[in-house]
Amino acid sequence: MMILMFLFWAVVIYFIFKLLTRNDIISKVTSGKSPEELLKERYARGEITKEQYEEMLQDLRK
């Protein structure tokens with residue numbers, strides 16, 4: 001009987017943990033920034049060239 005109670009609480013804690021980490025991942029993915037803002041940040045960090053930035057910006061605005 002004690003083992004069943006332990007297993008029950010372990011499952012409950014597991015699902016609560018999974019729910020909390022899932023919401024954390026979703027919040028990281030949906031940062032609230034527009035694609036253009038993200039593109040500007042990439043350009044500012046030097047990840048892409050000016051030509052790449054302009055080309056990608058045109059694609060986004062289509």
Side-chain angles (χ1 to χ4, degrees):
M1 186 72 166
M2 188 106 166
I3 294 173
L4 289 176
M5 184 62 95
F6 175 76
L7 287 175
F8 170 76
W9 284 111
V11 169
V12 169
I13 291 171
Y14 172 79
F15 281 111
I16 290 173
F17 177 76
K18 281 294 193 182
L19 181 65
L20 291 176
T21 56
R22 181 176 175 268
N23 286 338
D24 186 41
I25 292 169
I26 291 171
S27 68
K28 287 179 184 176
V29 171
T30 57
S31 64
K33 294 182 181 178
S34 71
E36 288 184 16
E37 290 173 329
L38 295 172
L39 186 60
K40 286 179 187 177
E41 289 178 6
R42 288 187 63 198
Y43 178 62
R45 286 192 299 261
E47 294 177 7
I48 57 176
T49 65
K50 183 177 181 179
E51 292 79 20
Q52 290 172 319
Y53 170 77
E54 291 171 352
E55 182 180 326
M56 290 177 178
L57 189 59
Q58 284 179 343
D59 287 342
L60 287 174
R61 290 182 175 169
K62 285 183 182 178

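- With sequence neighbours left out, E36 forms a salt bridge (charged side-chain N to carboxylate O under 4.0 Å, His left out) with R61.
- L7 belongs to a hydrophobic cluster whose other members, connected by ILVMFWY side-chain contacts under 4.5 Å either directly or through intermediates, are I3.
- Here I48 sits in one hydrophobic cluster together with L39, Y43, Y53, M56, L57, L60; the rule is ILVMFWY side chains under 4.5 Å apart, joined directly or through other members.
- Residue F6 belongs to no hydrophobic cluster, having no ILVMFWY side-chain heavy atom closer than 4.5 Å to its own.
- A single hydrophobic cluster is seen to contain both I16 and F8, as judged by linkage of ILVMFWY side chains at heavy-atom distances under 4.5 Å, directly or through other members.
- Under the side-chain hydrogen bond (donor to acceptor under 3.5 Å, both in side chains) criterion, Q52 pairs with T49, sequence neighbours left out.
- With sequence neighbours left out, E41 forms a side-chain hydrogen bond (donor to acceptor under 3.5 Å, both in side chains) with K33.
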